[in-house]
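See below for the structure under consideration.
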Amino acid sequence: MTSASRQPSQHAPELRAAARHLGRRRFLTTTGAAAALAFAVNLPAAGAASAAELDSRRIGENPFTLGIASGDPLPTSVLLWTRLAPRPYETDGGLPALRVPVQWELAHDSRFRRIVRRGSATAHPEYQHTVHVAVSDLDPGRGYYYRFRTGSWISATGRTRTAPATGTDSSRLRLAAVSCQAYHDGYYTAYGHLAEDDVDVVFHLGDYLYEYAVNSAGGARGYTDRVLPDVFNRETVTLEDYRLRYALYKSDPDLRAAHAAHPFVVTWDDHETENNYADGVSENEDPPEEFLLRRAAAYRAYWEHQPLRRTQLPHGPDAQLYRRLQWGRLAQFDVLDTRQYRSDQAYGDGSHVPGPESDDPARTITGATQERWLIDGWRTSRALWNVVPQQVTFSQRKLDLNPVAKLSMDAWDGYRTSRQRVLAGARSAGVENLMVLTGDVHVGYAFDIKADFDDPSSKTLGTEIVATSITSGKDGSEKPSNWATYTEANPHLKYYNGQRGYVTVELGRSQARADFKTVAAVTTPGAAIRTAASFVTEVGKQGLRKV
């Protein structure tokens with residue numbers, strides 16, 4: 001991501017000072033990373049158990065202002081999340097730097113008359129009083145209700161579920177895919193509808209958070225009934241900034257409702273840290289040791305505020321977010337991270353015709369280790385559907401009608417040899433029913449994944465379903481200005497809609513069905529939801545057909 005003129009660093013002075021003191025080489029060692037993280041995020045040397053305990057009876061305001069969530073359902077386990085924040089727009093969330101005991105309950109019924117599991121956890125100040133509870137020894141393939149309690153306060157009730165047992169021939173899974181929820185671009189109306197939708201699990205494909213400033217009126221929301229504090233009217237750089245921004249986003253009632261209604265499986269893209277960064281390269285070419293301190297803060301705040309397990313806890317500027325989930329023998333989900341390990345974008349990022357730089361075989365969007373993990377997982381998969389939730393457009397997407405068209409250097413088009421290796425791996429593994437779930441581009445797409453994207457008659461290897469944004473891009477339009485160009489330039493593109501919303505996918509034993517759900521506006525609240533288009537692809541006969 002080179003630029004003609006270097007922009008001044010946006011990092012906080014204390015991060016720049018830490019970076020100068022440590023240096024990149026020392027930062028990238030275990031000791032250096034730990035020291036840098038302690039400096040950047042204010043972790044005490046004694047660790048997370050160092051604080052004294054607060055008598056939770058002294059909490060005089062509702063601490064569950066940011067809701068509850070569940071995630072990463074396994075056959076006998078699910079992860080439960082909450083954060084205690086009586087005053088979420090304050091740096092400390094309205095709590096002293098003390099440990100807080102929290103009780104949790106899991107039940108078969110919403111009135112908690114049939115308790116299945118209960119226990120206690122600790123909300124540590126070092127983790128911004130967030131709670132991550134991995135509940136185990138549950139029954140496979142069933143729904144549960146859960147809640148938290150501290151002092152005299154009880155959280156809202158959430159619904160979650162476990163995955164079917166490994167080897168179970170499940171007949172159906174209905175999922176939702178969402179992405180890109182810039183708070184300042186509109187209301188989370190789509191989430192309100194999703195909370196009422198009948199889905200088993202929600203996949204969030206990135207850009208849960210945006211680093212950009214949010215003004216006192218909430219940007220395009222245009223608040224007249226409240227004034228947001230100045231702490232949001234700046235770009236996120238420090239751990240404090242990222243934590244506060246998550247508090248703002250999670251204060252939205254529609255987002256809280258969606259989390260309470262369904263388990264989420266999350267993966268990040270760029271804006272959770274910084275626009276279009278690549279591995280250790282920042283958008284503005286900040287010194288790597290300086291940017292990695294920012295990345296450490298962003299990754300830590302992300303883990304703190306998402307329903308993620310302990311294995312995803314960052315170590316300095318690194319976190320293994322890619323992981324594999326199973327839904328019986330019906331589906332295997334290989335959740336990717338195409339941001340943390342990628343080569344820098346070719347030709348200075350943006351759009352560019354392909355060439356030697358972008359097609360260098362050494363370039364990768366996943367990193368070699370993750371690429372091997374993905375292909376090895378396909379080789380051992382016994383699932384009917386192999387689904388890849390990930391971030392940026394996978395299929396070829398020509399941006400104009402020129403003989404050699406420009407492509408997006410940030411998408412898989414900028415890493416074509418990486419894509420070729422992945423597709424060759426799928427074919428060699430015998431994957432017959434491949435589906436890629438994508439976010440990022442703020443529009444809904446449906447692609448056939450071709451063996452040769454420049455030959456419409458070549459074999460269809462799978463399908464790609466691209467979820468539009470929840471809000472990013474503001475209201476959008478059903479047919480954006482480039483609609484005719486894109487549809488003509490890309491015959492494998494079967495659907496293109498530029499409105500906001502989400503997509504549901506029902507996986508079955510004979511076919512998969514995708515329903516693209518859209519709302520007419522997000523800059524004003526309360527828009528109705530509609531199904532803009534529906535497509536099916538058949539087992540053993542890949543290719544999208546409109547229904």
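If you read the sequence from its start, that first residue is 1, and numbering goes on from there.
- Around CD of Glu488, the count of heavy atoms belonging to other residues, nucleotides or ligands within 6.0 Å does not exceed 12.
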**Step-by-step side chain to side chain donor-acceptor pair (under 3.5 Å) determination, Tyr486 to Asn482** = CA-CA 6 Å; Tyr486 281 20; Asn482 56 14; 3.3 Å; yes
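- For Arg421 (side chain) and Pro361 (main-chain N/O), a donor-acceptor pair under 3.5 Å exists by modelled atom type.
- At distances below 3.5 Å, not a single donor-acceptor pair connects side-chain atoms of Arg382 with backbone N or O atoms of Arg329.
- Although no hydrogens or angles enter the test, the distance criterion places no donor-acceptor pair under 3.5 Å between the side chain of Thr504 and the main chain of Ala176.
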**Prompt:** Would Thr364 and Thr366 satisfy side chain to side chain contact (heavy atoms under 4.5 Å, CB included), going step by step from the backbone distance to the final call?
**Reply:** CA-CA 6 Å; Thr364 175; Thr366 60; 3.6 Å; yes
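- No donor-acceptor pair under 3.5 Å is formed between the side chain of Arg243 and the backbone N or O of Leu239.
- With a 6.0 Å radius and a threshold of 12 heavy atoms from other residues, nucleotides or ligands, Glu506 has its CD atom above the threshold.
- Between Ser251 and Leu66, the shortest heavy-atom contact is N-CD2, 3.9 Å.
- Remark: side-chain polar atoms of Thr438 are not paired, donor with acceptor, to backbone N or O of Thr393 under 3.5 angstrom.
- With rounding to the nearest 0.5 angstrom, the OG1 atom of Thr468 is 13.0 Å from the OH atom of Tyr502.
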**Message:** As a quick check of understanding, evaluate side chain to side chain donor-acceptor pair (under 3.5 Å) for Tyr415 and Thr338, giving each step before the final call.
**Reply:** CA-CA 11 Å; Tyr415 304 80; Thr338 63; over 6 Å; no
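- Among all heavy-atom pairs drawn from Asn433 and Gly540, the shortest one is OD1-N, 2.8 Å.
- Looking only at distances, no side-chain donor or acceptor of Gln511 sits under 3.5 Å from a matching main-chain atom of Gly508.
- With salt bridges taken as basic N to acidic carboxylate O contacts below 4.0 Å, one links Glu304 and Arg300.
- Look at Arg323 and Asp72 and you find a salt bridge, because one of the NZ, NE, NH1 or NH2 atoms lies within 4.0 Å of a carboxylate O, short of that distance.
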**Request:** Could you walk me through whether His132 and Arg310 pass side chain to side chain donor-acceptor pair (under 3.5 Å), step by step?
**Result:** CA-CA 8 Å; His132 298 71; Arg310 189 80 181 186; over 6 Å; no
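- Proximity of a side-chain donor or acceptor of Ser458 to a complementary backbone N or O of Asp455 within less than 3.5 Å is detected.
- Rounding to the nearest 0.5 Å places CZ of Phe232 at 4.5 Å from CG of Leu248.
- A cation-pi arrangement is present between Arg221 and Tyr183, with the terminal nitrogen or guanidinium carbon under 6.0 Å from the aromatic centre and inside a 45° cone about the axis.
- Salt bridge Arg342/Asp279: absent, no basic N to carboxylate O contact under 4.0 Å.
- Closest non-hydrogen pair, Pro525 versus Thr189, comes out as CA-OG1, 4.1 Å.
- Using a distance-only test at 3.5 Å, with no hydrogens or angles considered, no donor-acceptor pair links the side chain of Asp207 to the main chain of Ser179.
- In the model, His204 has no side-chain atom that pairs as donor or acceptor with a side-chain atom of Gln306 under 3.5 Å.
- Although no hydrogens or angles enter the test, the distance criterion places no donor-acceptor pair under 3.5 Å between the side chain of Asp440 and the main chain of Gln391.
- Rounding to the nearest 0.5 Å gives a distance of 4.0 Å between CZ of Phe453 and OG of Ser395.
- The ring pair (Phe, Tyr, Trp, His ring centres under 6.0 Å) with Tyr495 is formed by just one residue from the set Phe535, Trp483, Tyr445, Phe447; it is Phe535.
- Note on Asp515 versus Lys517: no salt bridge recorded, every NZ/NE/NH1/NH2 to OD/OE distance being 4.0 Å or above.
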**Full working for side chain to side chain contact (heavy atoms under 4.5 Å, CB included) between Glu283 and Tyr277** = CA-CA 5 Å; Glu283 180 182 28; Tyr277 79 92; 5.9 Å; no
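- For Arg419 and Asp413, the salt-bridge test passes: some basic side-chain N is under 4.0 Å from an acidic carboxylate O.
- Distance check: Glu285 CD to Glu290 CD gives 13.0 Å after rounding to the nearest 0.5 Å.
- Ser534 contributes atom OG, which lies 11.5 Å from atom CG of Leu544 (distance to the nearest 0.5 angstrom).
- A salt bridge is absent between Arg397 and Glu464: the closest approach of a Lys/Arg side-chain nitrogen to an acidic carboxylate oxygen does not fall below 4.0 angstrom.
- Using a 4.0 Å cut-off between a side-chain N of Lys or Arg and a carboxylate O of Asp or Glu, Arg339 and Asp410 qualify as a salt bridge.
- Between Tyr191 and Tyr188, the ring planes are perpendicular. Angles over 60° get that label, and only those under 30° would be called parallel.
- Although no hydrogens or angles enter the test, the distance criterion places no donor-acceptor pair under 3.5 Å between the side chain of Gln312 and the main chain of Ala319.
- Salt bridge Asp344/Arg363: absent, no basic N to carboxylate O contact under 4.0 Å.
- For the atom pair Lys474 NZ and Thr523 OG1, the distance stands at 8.5 Å (nearest 0.5 Å).
- His271 has its ring centre less than 6.0 Å from the ring centre of Tyr212.
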